[in-house]
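Data block below; observations after.
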Amino acid sequence: MIACAEHFLPGNDAEPKPHDDVVSTLSKALGVQAITTDDLEIASKDFGGLKFVKPLALIRPSTADDVARVVRAAARSPTLTVAARGNGHSINGQAMAEQGLVLDMRAMDELVRLVRIDGAPYVDVSGGALWEDVLKRCVSEFGLAPRSWTDYLSLTVGGTLSYAGVSGQAFRYGPQTSNVTELEVVTGKGETIVCSKTQSPELFFAVLGGLGQFGIITRARLVLQEAPHTVRWIRVVYSEFEEFSSDAEWLVGREEGESCFDYVEGFVLANSEDPSNGWPTLPLDPQQVFDPIHIPPSAGPVLYCLELALHYRYSDNPSHVDAVVDGLLGRLRFIKGLKFQVDMGYTEFLLRVKRDEEHARANGVWDDAPHPWLNLFVSKSNIAEFDGEVFKKILKDGVHGPILVYPLLRDKWDSRHSVVVPASSEIFYIVALLRFSPAPPKGPPPQQLVEQNRQILQLCLAKAFDFKLYFPHYHSRQDWINHFGNHQWSRFVDRKTAFDPMAILAPGQKIFSRVP
Ligand code: FAD
């Protein structure tokens with residue numbers, strides 16, 4: 001079934017264009033409403049707002065068969081490529097295809113199906129489903145929920161599984177890629193394959209964190225757990241990085257069975273009253289006020305905030321919840337007096353960034369401004385020096401948006417997946433510069449921010465930090481080889497040869513060139 005109101009009407013007077021035959025074959029196979037060569041704006045841009053690339057056509061597939069037909073049609077041409085577009089929340093054009101075919105994965109038929117295997121619950125969802133829809137349906141229909149999230153949920157399942165999918169639950173359950181047991185994938189050869197750890201495992205491991213290079217995820221089976229009802233959401237503030245990071249590491253390192261928060265994140269903020277970079281970003285509701293009197297005189301240009309959450313159910317005794325929270329907070333060395341806390345519904349907590357989105361849209365910094373974001377994984381062995389050089393110096397005035405920094409545990413990441421993470425320590429930190437500066441002339445030129453990102457990367461290289469780009473974006477093959485390291489690069493190339501030998505898929509990642 002094809003769901004779209006646009007029409008593909010080849011003009012009678014127009015000269016035939018290269019690939020008109022492909023477009024007309026596909027419009028016959030999928031229905032004219034599923035393909036457009038006119039209204040291409042959505043497929044030509046992304047959230048980053050830095051790249052604009054025109055595809056040949058935008059296609060709205062309904063089923064895995066539709067996706068496979070598109071890939072096979074592209075394979076019959078010597079040059080055509082295919083980009084699956086999730087929700088276009090990439091920064092550097094990764095979901096684009098210059099003069100290629102872009103698949104709008106959100107058009108796929110809705111699927112949210114509960115599956116029980118040996119009594120354990122899983123949900124089958126479409127690769128184009130938004131995580132926010134998966135959340136709402138799983139909680140309201142089954143009282144269950146996936147375990148590992150991203151902070152923001154208007155992202156697609158296939159889009160985040162192509163990278164990793166990280167939020168404050170990842171210290172316990174690993175990234176989203178570690179919480180999938182089965183995938184249905186359309187490979188670059190146009191074959192539709194169901195894969196798992198035991199069935200076509202090479203494809204399963206390749207696709208997870210695979211930057212869309214090996215196949216298009218049309219269905220994913222996600223691990224579920226009982227959904228809590230309520231969340232206590234807490235922020236505590238530090239002036240010293242050493243205290244912040246050792247407390248964060250203590251929390252994420254708690255053994256199974258020991259009491260612990262269900263969500264642990266952290267961020268850096270400017271030690272100032274600046275409304276988008278400093279103290280006003282801390283309170284969790286409008287009634288709370290940040291009183292700077294508590295900041296010790298020894299504090300530097302930035303402060304650090306641990307963001308924590310504990311899940312509970314209506315049936316839990318409130319004094320027990322208080323005791324668990326107080327017991328854990330009592331072990332931490334945050335600045336007394338700088339603690340913020342609210343209780344809210346579980347779904348509301350997971351959808352918390354939606355409120356920030358509304359605010360940013362109203363201020364013109366969501367749709368209308370570029371977002372030169374930088375995301376890194378930095379080894380624990382280098383994070384203190386990174387703090388000294390980057391947070392305290394280069395970024396001391398902030399990025400007009402969150403600067404996330406929190407620890408993750410390497411043993412929760414499966415090294416068979418395609419994503420690469422720092423290897424020198426069991427703990428590495430995610431660092432995310434989520435820039436929301438207004439567009440020029442109100443804000444700085446985006447090139448200036450891109451240049452600041454480059455400066456940070458240069459510093460990491462010059463100091464030989466053990467780090468990896470999350471959402472990597474490189475210009476040369478040698479940079480990609482350096483990113484993966486020799487061993488994992490050759491594995492990545494072997495996987496490409498096996499599953500997408502003509503390099504049809506995800507051309508916007510700029511890793512491989514189309515083989516004629
Ligand atoms: P797209 O940007 O559309 O696609 C990304 C890549 O995946 C492209 O190469 C595309 O071709 C490929 N792809 C898309 N769908 C499929 C599919 N079905 N099968 C195979 N390949 C596919 N990430 C986190 O880990 N944690 C966060 O907390 C987080 N928060 C974010 C908040 C915001 C506001 C934004 C803009 C991004 C955030 N991200 C986060 C990054 C996000 O994970 C990436 O942008 C990711 O690309 C998902 O976005 P998308 O679904 O729009 O995919």
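Whatever order the structure lists ligands and atoms in, that order sets their numbers, starting from 1. These numbers were taken from a predicted model, which means no experiment stands behind them.
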Taking both backbone and side-chain atoms of [X], is any N or O found less than 3.5 Å from an N or O belonging to ligand 1?
X      : value
Gly86  : yes
Thr160 : no
Gln94  : yes
Gly88  : yes
Ser167 : no

Could you tell me whether [X] atom [atom1] has more than 12 heavy atoms of other residues or ligands within 6.0 Å of it?
X      : atom1 : value
Lys354 : NZ    : yes
Glu41  : CD    : no
Arg235 : CZ    : yes

Would a distance-only check, ignoring hydrogens and angles, find a side-chain to backbone donor-acceptor pair under 3.5 Å from [X] to [Y]?
X      : Y      : result
Thr281 : Asn277 : no
Ser77  : Thr79  : yes
His371 : Arg435 : no
Ser178 : Lys412 : yes
Asn382 : Val378 : no

What do you reckon, does [X] put a non-hydrogen atom under 4.0 Å from ligand 1?
X      : value
Gly165 : yes
Ala432 : no
Gly508 : no
Trp366 : yes

I need the nearest protein heavy-atom contact for [atom]: residue, atom name and distance, please.
atom                    : value
atom 41 (C) of ligand 1 : Phe471 CZ, 3.3 Å
atom 48 (C) of ligand 1 : Gly159 C, 3.8 Å
atom 51 (O) of ligand 1 : Thr156 OG1, 2.7 Å
atom 45 (O) of ligand 1 : His89 O, 2.8 Å
atom 21 (N) of ligand 1 : Ser162 OG, 3.1 Å
atom 32 (C) of ligand 1 : Tyr152 CB, 3.4 Å
atom 10 (C) of ligand 1 : Ala84 O, 3.0 Å
atom 24 (C) of ligand 1 : Thr150 CG2, 3.5 Å

Within the 4.0 Å heavy-atom cut-off, what Trp131 brings close to ligand 1 is neither
Quick look: His371 vs ligand 1, heavy-atom contacts under 4.0 Å, and the answer is neither
If you compare Ile91, Val166, Leu153 by their heavy atoms, the one closest to atom 27 (C) of ligand 1 turns out to be Val166
The option among Ala164, Gly215, Ala43, Ala360 carrying the non-hydrogen atom nearest to atom 20 (C) of ligand 1 is Gly215
Stepwise ring pair (Phe, Tyr, Trp, His ring centres under 6.0 Å) check, Tyr173 with Trp413:
CA-CA 9 Å; Tyr173 298 115; Trp413 294 61; over 10 Å; no
Of all heavy-atom pairs linking Glu184 and Thr218, the shortest is OE1-OG1, 2.6 Å
Of all heavy-atom pairs linking Phe512 and Gln213, the shortest is CD1-OE1, 3.5 Å
Distance filter under 4.0 Å to [X] heavy atoms, resulting ligand 1 atoms:
X      : answer
Tyr470 : 24 (C), 25 (O)
Gly212 : 21 (N)
Ser90  : 1 (P), 2 (O), 4 (O), 5 (C), 45 (O), 47 (O)

Aromatic rings Phe47 and Trp373: how do their planes relate, parallel, tilted or perpendicular, breaks at 30° and 60°? perpendicular
I'd like to know if Asp46 pairs up with Arg85 as an ion pair, taking the criterion as any Lys NZ or Arg NE/NH1/NH2 lying under 4.0 Å from an Asp or Glu carboxylate oxygen. no
Exercise. Between Arg355 and Glu358, is there a side-chain N and carboxylate O pair less than 4.0 Å apart?
Worked result: no
